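It should be emphasised that the depicted structure is a prediction, and the values quoted were computed from it without experimental measurement. All values below were derived from every heavy atom in this structure, side-chain atoms included, with hydrogens, water molecules and symmetry-related copies excluded.
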Amino acid sequence: PTGNVTADKFLKVASVSGSGTTGIGQLSFADAGGSNTPYFLAKPNAVQTTSTNTEAVVVFGDELLDSDSCFASNTFTPNVAGYYYIFVNFSFNTTADFAGAEVNLFKNGSRITGGTVSNDVSDSVSFSYIVQMNGSSDNLQVRTYVGGAYVVHQGQTAFGGYKLLT
């Protein structure tokens with residue numbers, strides 16, 4: 001290769017020809033790594049209360065990170081296609097035991113994963129998931145369903161993710 005090598009570079013094979021144990025080829029310097037963008041991290045900025053036996057979109061009003069402005073209106077819509085690592089931590093409490101609770105991740109309006117707990121005054125659900133996104137219209141949202149009215153803990157609830165290098 002021509003030019004000077006710098007940090008974070010590697011040799012890339014551009015072409016190879018030949019047969020058996022003999023071959024010739026072209027090498028070039030290439031950049032190592034890539035970008036884990038877009039990424040985001042959001043949490044509630046106010047107490048959220050819901051009614052008994054009602055599905056509700058979790059309101060994430062405080063964007064702590066949003067690299068490419070892809071998080072808005074409680075929804076992540078990445079502008080780069082690829083695989084994404086997504087995580088959810090949801091903490092809540094009620095005034096009495098409840099029949100059960102679900103915290104779910106929805107892609108384009110359909111549930112793709114989630115977690116459940118049952119019959120406790122205060123609890124939390126955490127999960128992570130790798131999901132493929134098309135980089136244009138695919139979107140993710142967190143929704144809950146609880147068999148009793150509840151209050152979301154602001155400081156212990158979060159929704160975030162980032163693009164994986166592939």
State, with a plain yes or no, whether a side-chain heavy atom of Glu55 is found less than 4.5 Å away from one of Thr144.
no
In the structure I gave you, are the side-chain heavy atoms of Thr157 and Pro44 within less than 4.5 Å of one another anywhere?
yes
Side-chain heavy atoms of Pro38 within contact of Asn79, under 4.5 Å:
yes
Report, as yes or no, whether the 6.0 Å neighbourhood of atom CD on Gln26 holds more than 12 heavy atoms from other residues, nucleotides or ligands.
no
What's the spacing between Leu64 CG and Leu41 CG if we round to 0.5 Å?
4.5 Å
Are any of the side-chain heavy atoms of Lys107 and Met133 separated by less than 4.5 Å?
yes
Distance (rounded to the nearest 0.5 Å) between Ser128 OG and Leu105 CG:
10.5 Å
If Ile, Leu, Val, Met, Phe, Trp and Tyr residues are connected whenever their side-chain heavy atoms lie under 4.5 Å apart, and connections chain through other members, are Val58 and Phe127 in the same group?
yes
May I ask whether Val57 and Leu140 are part of the same hydrophobic cluster, defined by side-chain heavy atoms of I, L, V, M, F, W, Y residues being less than 4.5 angstrom apart, directly or through others?
no
Any non-hydrogen side-chain atom of Val142 less than 4.5 Å from a side-chain atom of Phe60?
yes
List the residues meeting side chain to side chain donor-acceptor pair (under 3.5 Å) with Asn89, not counting sequence neighbours, and say none if there are none.
Ser126
Is Phe87 reachable from Leu164 through a run of I, L, V, M, F, W or Y residues, each pair having side-chain heavy atoms under 4.5 Å apart?
yes
Pairwise side-chain contact, Pro78 with Val80, heavy-atom cut-off 4.5 Å (strictly under):
no
Do Asp138 and Asn108 have side chains that approach each other closer than 4.5 Å (heavy atoms only, starting at C-beta)?
yes
Do Thr75 and Gln141 have a side chain donor and acceptor closer than 3.5 Å?
yes
Heavy-atom side-chain proximity of Tyr129 to Ile112 below 4.5 angstrom:
yes
State whether Phe106 and Arg111 meet the cation-pi test: NZ (Lys) or CZ (Arg) under 6.0 Å from the six-membered ring centroid, and within 45° of the perpendicular axis.
no
When hydrophobic residues are tied together by side-chain contacts of less than 4.5 Å, even through go-betweens, does Phe90 share a cluster with Val131?
yes
Decide whether Phe76 and Ile130 are clustered together by the hydrophobic rule: side chain heavy atoms of Ile, Leu, Val, Met, Phe, Trp, Tyr closer than 4.5 Å, transitively.
no
Kindly compute the distance separating CZ (Phe40) from CZ (Phe159), expressed to the nearest 0.5 Å.
4.0 Å
Ring centres under 6.0 Å, that's the criterion: do Tyr162 and Tyr39 meet it?
no
Donor-acceptor pair, distance only, cut-off 3.5 Å: does the side chain of Asp68 make one with the backbone of Cys70?
no
